[in-house]
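Please read the structure below before turning to the comments.
Indexing begins at 1, ligand by ligand and atom by atom, following the structure's order. In what follows, every heavy atom counts, from backbone to side chain, and hydrogens, waters and symmetry copies are set aside.
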Amino acid sequence: MGENALMSDVLELVDVSVVREGRALVDQVSWSVAEGERWVILGPNGAGKTTLLNIASSYLFPTSGTAQILGEKLGGVDVFELRPRIGMAGINMAEKLPRRQTVLETVLTAAYGMTAHWHENYEDVDERRARAFLDRLGMNDYLDRKFGTLSEGERKRTLIARAMMTDPELLLLDEPAAGLDLGGREDLVRRLGRLARDPYAPSMIMVTHHVEEIAPGFTHVLMIRQGRVLAAGPVETTLNSRNLSLCFGLPLVVERNGDRWTAQGLPLSS
Ligand SMILES: Nc1ncnc2c1ncn2[C@@H]1O[C@H](COP(=O)(O)OP(=O)(O)OP(=O)(O)O)[C@@H](O)[C@H]1O
Ligand SMILES: [Mg+2]
């Protein structure tokens with residue numbers, strides 16, 4: 001609100017650091033996501049990707065610097081008003097959800113911003129929405145299955161449907177394809193691609209380790225290493241061998257195949 005309502009930035013981090021036990025997990029990161037952009041965050045294990053998503057979801061406050069989410073400054077706004085505007089699907093989420101709840105219930109409970117408790121008075125309209133999102137993610141045949149019995153891929157797709165339930169303006173995905181088999185990955189990439197290209201879909205930020213998981217429709221990439229931004233910009237110009245090699249700390253060759261990406265290590269020369 002206020003003067004910032006003019007800006008259509010979905011996310012604006014300025015000099016953001018997160019310090020724990022004297023170490024900067026996120027180190028003076030400045031990054032902005034504009035409306036309509038779909039970002040991929042790439043970086044090795046421990047680079048600070050999930051920490052950044054935790055800030056973007058308003059669950060973590062920076063130690064220093066400022067974070068503005070959907071036009072609201074973190075620290076100056078009631079996070080309970082902000083959180084329903086953000087959808088988050090990550091590994092931490094899955095652990096908080098009751099294993100005995102059905103898939104449909106798991107998605108429905110998101111409408112009321114809680115992780116547990118099945119109410120009898122869900123509106124018909126909510127149930128229709130939940131079914132529609134599950135359908136979109138190919139989970140139609142699993143509506144009555146217990147969440148705890150799902151495979152990794154089925155769980156991931158349920159979590160994405162759940163994250164969309166509040167009709168978020170910002171959708172955050174933390175390694176959505178991790179643990180999926182090749183078919184499951186390709187299926188998810190296709191679905192995420194469809195979502196990314198949908199002009200009515202929310203702004204998206206997806207964390208991944210693998211360029212193969214970047215769905216067509218993702219427009220920008222943020223590369224981080226040891227909490228610092230190494231490169232940020234449009235996928236076409238930013239995702240190259242040089243940047244990816246620096247990011248992961250080994251010589252890599254990035255190639256574009258049609259609308260998909262691959263990366264592999266250079267053979268060691270003797
Ligand atoms: N509360 C904490 N106290 C101390 N260190 C932490 C804390 N939370 C996270 N870290 C450390 O911060 C670093 C960044 O963590 P983060 O989870 O953001 O990495 P990541 O890029 O998501 O890694 P991964 O690819 O393995 O998921 C890691 O080294 C992690 O051990
Ligand atoms: Mg992580």
Between CD on residue Glu255 and CG on residue Leu239, distance to nearest 0.5 Å:
11.5 Å
Not counting sequence neighbours, which residues clear ring-ring contact (aromatic ring centres under 6.0 Å, His included) with Trp261? List them please.
none
Only residue of Asn140, Leu143, Asp141 satisfying side chain to side chain contact (heavy atoms under 4.5 Å, CB included) with Leu134 is Leu143
For residues 41-70, which residue pairs pass the ring-ring contact (aromatic ring centres under 6.0 Å, His included) check, not counting sequence neighbours?
none
Atom OG1 of Thr208 and atom CG of Leu192: how far apart are they, to the nearest 0.5 Å?
10.0 Å
Testing Leu246, Val254, Leu252, Leu266 one by one against Ser241 for a side chain to side chain contact (heavy atoms under 4.5 Å, CB included), which residue passes?
Val254
Restricting to non-hydrogen atoms, name the atom on Arg20 and the atom on Leu25 that form the minimum distance, rounded to 0.1 Å.
CG-CD1, 3.6 Å
Is NZ or CZ of Arg83 both nearer than 6.0 Å to the six-membered ring centre of Phe80 and within 45° of the ring axis?
yes
When you compare the side chains of Thr50 and Asp174, does any donor N or O come within less than 3.5 Å of an acceptor on the partner?
yes
Any protein N, O or S atom under 2.8 Å from the Mg ion (ligand 2)? Found Thr50 OG1
N/O contact list for ligand 1, threshold under 3.5 Å:
unit_1   : atom_1 : unit_2 : atom_2 : d
ligand 1 : 18 (O) : Thr50  : N      : 3.4
ligand 1 : 18 (O) : Thr51  : N      : 2.9
ligand 1 : 18 (O) : Thr51  : OG1    : 2.5
ligand 1 : 19 (O) : Gly48  : N      : 3.4
ligand 1 : 21 (O) : Ala47  : N      : 3.1
ligand 1 : 21 (O) : Gly48  : N      : 2.9
ligand 1 : 21 (O) : Lys49  : N      : 2.8
ligand 1 : 21 (O) : Lys49  : NZ     : 2.8
ligand 1 : 22 (O) : Thr50  : N      : 2.9
ligand 1 : 22 (O) : Thr50  : OG1    : 2.8
ligand 1 : 23 (O) : Gly46  : N      : 2.8
ligand 1 : 25 (O) : Asn45  : ND2    : 3.2
ligand 1 : 25 (O) : Lys49  : NZ     : 2.7
ligand 1 : 25 (O) : His209 : NE2    : 2.6
ligand 1 : 26 (O) : Asn45  : ND2    : 2.9
ligand 1 : 27 (O) : Glu175 : OE2    : 3.4
ligand 1 : 29 (O) : Arg23  : NH2    : 2.9

